[in-house]
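Atom set for the values below is all heavy atoms of this structure, side chains included, hydrogens, waters and symmetry mates excluded.
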Amino acid sequence: MATNDDNILSFPNAARRDASGRRLIPERLKEARYAKSLNQAELGERIGKTRQAVSAFELGERTPEGTTLAQIADLLEQPVSYFTTPDRSGFGPFGPRFFRASGAETKRRNLMCDAYANWEVQIAHYLGDSVNYPSVNFPSVSPSDFKGAYEEEEIEDAAEKCRSVWGLGYGPISNILSLAESKGIIVSRLRMEGERIEAFSFWNGARPFIFLASEKFSASRARFDVAHEIGHLVLHRGVGQEDIEDPKTLKRIEAEANRFAGALLLPRRSFPNEVFTTRLDAFVELKKRWKVAIQAMVFRCKDLGIFDEYQVTNLYKQISARKWRTKEPLDDLEMMPLEQPKLLKNAVDLILSSGRKNASDLRNELALSPKIIEALCNLEDGAIAPAETDPPLHLILK
């Protein structure tokens with residue numbers, strides 16, 4: 001019988017185990033591949049195997065030899081134990097992930113995000129066995145339209161209801177990310193270079209999650225991303241995955257989440273009272289106070305009827321002329337720092353400082369790349385990674 005990985009023989013009832021006797025889990029290989037945004041042919045090429053060989057590994061029809069598994073683990077940047085350890089429990093079934101684009105051209109990115117979402121849930125649930133997270137505190141809202149569409153007034157009311165339930169009043173929100181975590185949302189930030197992913201959100205059981213993946217270097221735009229995702233979690237819990245896959249429905253719910261974000265960050269009962277002029281420079285001062293991008297404030301003025309179409313168009317022309325489309329005043333992170341998630345970081349810090357677990361326990365029990373754990377928990381680099389040691393010195397007697 002041939003032993004080369006490329007000579008595929010199917011033994012569906014045979015145990016698939018590594019040299020230590022642990023069962024290899026095909027789904028874990030597939031998930032790690034998705035996270036690296038590779039297809040089967042690309043992975044095969046990098047480890048010197050055919051696409052058919054990789055497919056057989058992921059179907060459980062074939063187990064890679066030890067050297068091949070080591071190559072895969074190294075390439076996908078996961079410990080070997082990741083591929084032999086079952087998924088950890090979550091909080092319940094996944095709801096739809098609110099990505100901002102759909103279709104064949106975005107499927108690869110969405111699969112990558114699914115993998116990271118799964119890891120975020122598993123880490124949060126694991127840490128939740130040792131710490132108590134804030135209770136989920138969301139108002140109940142639903143549209144009057146039986147088809148699920150919200151009226152503009154209903155969205156404004158929903159944002160005001162959130163502010164009321166959360167005791168915010170009508171002034172600026174000092175830290176929208178801390179607010180989200182205090183209301184029971186688990187938030188992670190992981191920069192995905194070149195992937196054009198801003199953020200997405202989802203429910204896992206009764207626990208809401210936000211995943212921030214933007215390459216943005218603007219705190220005000222990142223704050224709007226968080227408010228947008230809160231909008232999805234508040235407004236769209238009843239939306240099904242099949243709804244999101246319909247482009248028209250996706251466009252509508254994205255517009256609803258944008259309207260909610262504007263209403264939450266710039267309340268109609270207070271923000272209009274501070275808009276005295278259509279002078280663009282005046283919005284720089286408003287940005288200091290409300291921590292919202294100038295372009296978003298202009299759009300909010302349009303939503304609320306503060307400015308007419310001509311005035312809004314004129315302001316956008318000025319923004320373009322000043323080259324503020326991509327970088328506005330106050331976008332320097334030294335002037336307005338990015339808000340950072342703290343909930344998972346504080347959970348790890350508490351668990352380690354209490355002595356309940358050590359860094360080695362976290363690495364071994366989660367069976368995930370330490371770099372991924374550190375990134376999703378917003379930990380310092382090396383916080384739980386194994387320390388590098390000098391190679392042993394072999395002394396020889398003269």
Side-chain angles (χ1 to χ4, degrees), residues 4-20 22-90 93-97 99 102-126 188 190 192 195 197 200 202 204 209 211 213 241 245 366-373 375-376:
N4 189 294
D5 288 336
D6 292 345
N7 296 327
I8 306 302
L9 295 177
S10 178
F11 297 95
N13 297 319
R16 308 298 168 195
R17 300 178 185 272
D18 67 1
S20 68
R22 294 176 298 181
R23 184 181 294 275
L24 295 170
I25 302 172
E27 281 299 321
R28 298 285 269 177
L29 171 56
K30 187 184 297 185
E31 183 178 62
R33 175 172 65 79
Y34 288 157
K36 283 296 182 182
S37 196
L38 297 173
N39 61 33
Q40 290 179 337
E42 291 166 338
L43 175 58
E45 181 181 0
R46 297 190 189 191
I47 62 172
K49 302 296 176 185
T50 65
R51 184 200 65 77
Q52 289 82 359
V54 174
S55 176
F57 299 157
E58 294 185 354
L59 290 171
E61 296 174 347
R62 185 81 179 178
T63 296
E65 299 294 334
T67 54
T68 302
L69 180 58
Q71 282 182 286
I72 292 171
D74 184 60
L75 177 64
L76 301 182
E77 299 185 272
Q78 293 291 353
V80 171
S81 60
Y82 166 84
F83 300 96
T84 62
T85 303
D87 276 358
R88 298 191 65 87
S89 299
F94 272 95
R97 266 71 86 202
F99 303 124
S102 184
E105 72 281 0
T106 60
K107 184 177 180 180
R108 178 183 57 82
R109 292 200 299 269
N110 290 354
L111 288 172
M112 178 175 62
C113 291
D114 279 341
Y116 280 106
N118 194 32
W119 294 340
E120 183 184 15
V121 166
Q122 291 181 43
I123 292 170
H125 191 269
Y126 169 81
S188 289
L190 181 66
M192 296 180 176
E195 290 296 341
I197 301 167
F200 61 91
F202 58 92
N204 182 255
F209 286 78
F211 191 101
Q241 190 64 43
E245 291 171 358
L366 282 168
L368 270 171
S369 159
K371 290 183 179 179
I372 294 295
I373 299 170
L376 293 178

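Atom NZ of Lys371 and atom CD1 of Ile373 lie 13.0 Å apart (nearest 0.5 Å). The distance from atom CG of Leu368 to atom CG of Leu376, rounded to the nearest 0.5 Å, is 8.0 Å. For the atom pair Ser55 OG and Lys49 NZ, the distance stands at 15.0 Å (nearest 0.5 Å). The CD1 atom of Ile123 lies 10.0 Å from the CG atom of Asn118; values are rounded to the nearest 0.5 Å. Rounded to the nearest 0.5 angstrom, Leu111 CG and Arg33 CZ are separated by 8.5 Å.
Residues Pro86 and Ile25 have side chains in contact (heavy-atom distance under 4.5 Å, counting atoms from C-beta outward). Considering only heavy atoms from C-beta on, Arg46 comes within 4.5 Å of Leu38 through its side chain. No side-chain heavy atom of Phe200 sits under 4.5 Å from any side-chain heavy atom of Asn110. Counting heavy atoms from C-beta outward, Asn204 and His125 have side chains that stay 4.5 Å or more apart.
The nearest pair of heavy atoms linking Gln241 to Arg97 is OE1-N, 3.7 Å. For the pair Thr63 and Phe57, the tightest heavy-atom approach, listed with the atom from each and the gap, is C-CE2, 4.1 Å.
The ring pair (Phe, Tyr, Trp, His ring centres under 6.0 Å) test applied to Phe209 returns Phe91, Phe202, not counting sequence neighbours. Scanning for ring pair (Phe, Tyr, Trp, His ring centres under 6.0 Å) contacts around Tyr116 gives Trp119, with sequence neighbours left out. Evaluation of the side chain to side chain donor-acceptor pair (under 3.5 Å) rule for Arg51 yields Gln40 as partners, not counting sequence neighbours. A search for side chain to side chain donor-acceptor pair (under 3.5 Å) contacts involving Tyr34 returns nothing, not counting sequence neighbours. For Arg88, there are no side chain to side chain donor-acceptor pair (under 3.5 Å) partners, not counting sequence neighbours.
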*Take Asp87 and Glu31, measure what side chain to side chain contact (heavy atoms under 4.5 Å, CB included) needs, and give me the verdict at the end.*
CA-CA 10 Å; Asp87 276 358; Glu31 183 178 62; 4.0 Å; yes
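No donor-acceptor pair under 3.5 Å is formed between the side chain of Glu45 and the backbone N or O of Glu42. Side chain of Thr85 to main chain of Tyr82: no donor-acceptor pair is present (N/O by atom type, distance under 3.5 Å, no hydrogens or angles).
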Tabulate below the donor-acceptor pairs under 3.5 Å that side-chain atoms of residues 72-80 make, not counting sequence neighbours, or state none.
residue : atom : partner : partner atom : Å
Glu77   : OE1  : Lys36   : NZ           : 2.2
Gln78   : OE1  : Ser369  : N            : 2.8

